[in-house]
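Treat the numbers as computed from the prediction; the structure is a model and nothing was measured. Chain letters run A, B, ... following the sequence lines, proteins first, then strands; residues in each count from 1.
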Protein chains: 2
Amino acid sequence: MDNLATLFKEKNLKLTPQRYAIYKFLKSTKSHPSAEMIYEALRPDFPTMSLATVYKTVKTLIELGLVQELNVGEDNFRFDANVANHPHIVCTKCGRVDDIEDAVFEHLNSEVENYTNYKVNTHKLYFYGICPKCQGS
Amino acid sequence: MDNLATLFKEKNLKLTPQRYAIYKFLKSTKSHPSAEMIYEALRPDFPTMSLATVYKTVKTLIELGLVQELNVGEDNFRFDANVANHPHIVCTKCGRVDDIEDAVFEHLNSEVENYTNYKVNTHKLYFYGICPKCQGS
DNA sequence: TATTTATAGATAATATTTTTCTACAAAGAA
DNA sequence: TTCTTTGTAGAAAAATATTATCTATAAATA
C-alpha cells in the first residue's frame, strides 16, 4: 500500500479513496470483473462514485502497470490486478473467468517466431471449456 | 459457391447479393476486417448497403460456421472466413492482424486440463509483436 | 399469377467507453 | 495559517459499437 502511494506520487497522481478502493478490490478478487461489476461492487461503500471514475481509474492503473485488461470475447473488457502474464479460461456455460495458475507458456513466443517474420513480444491465451461446477449440473 | 447456395437453402436463408459479397470479401482477404472495414470495402459496389446489414450478415455467417469472430483486444470485433482454429498475431505498431499458419497448438487444451478442473474444449491464442514491415522502419 | 416468406435498409435503441466541464480538495508556496 | 496551484470526482454529454424494430420489397413457392 505504501509503495502504491509512492508510485502515485512519482507520477504526480493522487491516490484518492476511489482509486485506492478500486485497486484494492481488483487485488482482492480473482473474478476478473468488468467496469460495471467493479462499479456495482463498490457502490455500497462509495454510493456517489460514478461509472466514469471506474473507467478512468482502471485506465490509469493499466498505464501504471498495476492492472491488465482482458478480452475474453465478450462485448466488454475485464480487468485483472494480477499483471503477471498468465492464461485464462472461460466457462462457456456460466461465463466465469479463471486464471490458469502455474502454467507457463512463455516458450510459445519463440515457437511462434518460427512460423512468422514477426518479432514476438507477448501473448494472450484464452481457453474455453466447462468449469467444475457446470460439469456437475 | 454452389455449396454455399446449398447451405443457405438448407437453412431457409436467402443468398442475397449483399450476403454473397460479404462472404466472398471475407474469403478473399487475410486482413481480418471489422464490420466497419467490410462496410467501407464494399461500399463502392454496394453503395446502398447499410452497416446493419453487415452486422446481421456476419452474425448469420458465424451461426453457419462459415466465419469466426476475433477479439484481439480492440474495442471492436474482427472477422475471419478461415474457420480452422489457428492463432493470430497482432502488430502492436501498425495494428495489422495476421494468421499464424501451420502452427498447431491443439495439444495445449489437454495440457491446460492438468492445471485446472475445467473440461477444455477450445482456445483462442493471440500473439503480439512487431511485423516485418514495422521492424524495418 | 397470387401468396408467402425472408431480408435490406432506415431508424431507433442499447451498451460500452470516452470526453468535457466545473467544483472541490489536497499539496505546496507565501 | 492563508493563498494558490493542480489533479480529480462526478455529472452530463458525446462517441463508438452493436442490436432490434419496422416496413417495403424481391425472391421463392403455390
query = Which class fits the ring pair B:H123 and A:F127: parallel under 30°, tilted 30 to 60°, perpendicular over 60°?
reply = perpendicular

task = Give a yes or no on whether the backbone of A:E101 and the side-chain of B:Y115 come within a donor-acceptor separation of less than 3.5 Å.
result = no

ask   = Between C:dT5, C:dT17, C:dA10, which nucleotide gets closest to the side-chain atoms of B:K14?
value = C:dT5

task = Let me know the distance between CD of A:E74 and C1' of C:dA15, rounded to the nearest Å.
result = 13 Å

request  = For A:M37 and C:dT16, give me the distance from atom CE to atom C1', rounded to whole Å.
outcome  = 15 Å

inquiry  = Rounding to an integer number of Å, can you tell me how far A:E10 CD sits from D:dG7 P?
reply    = 16 Å

message = Go nucleotide by nucleotide along DNA chain D from the 5' end; which of B:A52 and B:E36 gets its closest nucleotide reached first?
response = B:E36

query = Looking for any heavy atom pair under 4.0 Å, which part of the strands does B:T48 touch: base, sugar-phosphate only, or nothing?
reply = sugar-phosphate

D:dT8 OP1/OP2 closer than 4.0 Å to side-chain N/O of A:K59 = no

ask   = Quick one: do B:D80 and B:R78 make a salt bridge, cutoff under 4.0 Å?
value = no

request  = Name the closest nucleotide to the A:T53 side chain, picking from C:dG9, C:dA26, D:dG10.
outcome  = D:dG10

query = Given atom OH of A:Y20 and atom C1' of D:dT8, what is their separation to the nearest angstrom?
reply = 19 Å

key: Nearest-nucleotide 5' precedence on DNA chain C, B:F8 against B:D75   = B:F8

inquiry  = Heavy atoms only, 4.0 Å cut-off, all strands: where does B:T16 land among base, sugar-phosphate and nothing?
reply    = sugar-phosphate

inquiry  = Distance check needed: C:dT16 P versus A:N76 CG, whole Å only.
reply    = 6 Å

message = Run the salt bridge (Lys or Arg N to Asp or Glu O under 4.0 Å) test on B:K124 and B:E69 for me, step by step, so that the C-alpha distance in whole Å, both residues' side-chain angles and the decisive distance to 0.1 Å come before the verdict.
response = CA-CA 10 Å; B:K124 294 192 179 177; B:E69 202 175 48; 5.3 Å; no

key: Atom pair distance, as rounded to whole Å: NZ in A:K9 and C1' in D:dG7   = 14 Å

task = Could you tell me the separation between the CE atom of A:M49 and the C1' atom of D:dG10, rounded to a whole number of Å?
result = 11 Å

key: Parallel, tilted or perpendicular: rings of A:H32 and A:H86 (30°, 60°)   = tilted

task = Name the closest nucleotide to the B:Q18 side chain, picking from D:dA12, D:dT29, C:dG9.
result = C:dG9

message = Checking contacts here: which listed nucleotide (C:dA25, C:dT7, D:dT18) is nearest the side-chain heavy atoms of B:L51?
response = D:dT18

note = Among the nucleotides D:dT8, C:dT7, C:dT19, whichever has the atom closest to the side chain of B:R19 is C:dT7

inquiry  = For a quick test of reading the model: is some side-chain N or O of B:Y55 closer than 4.0 Å to OP1 or OP2 of D:dT18?
reply    = yes

message = Could you tell me how far apart A:D45 (CG) and D:dA9 (P) are, to the nearest whole angstrom?
response = 16 Å

note = Of the candidates C:dT19, D:dT18, D:dT8, the side chain of A:K56 sits closest to C:dT19

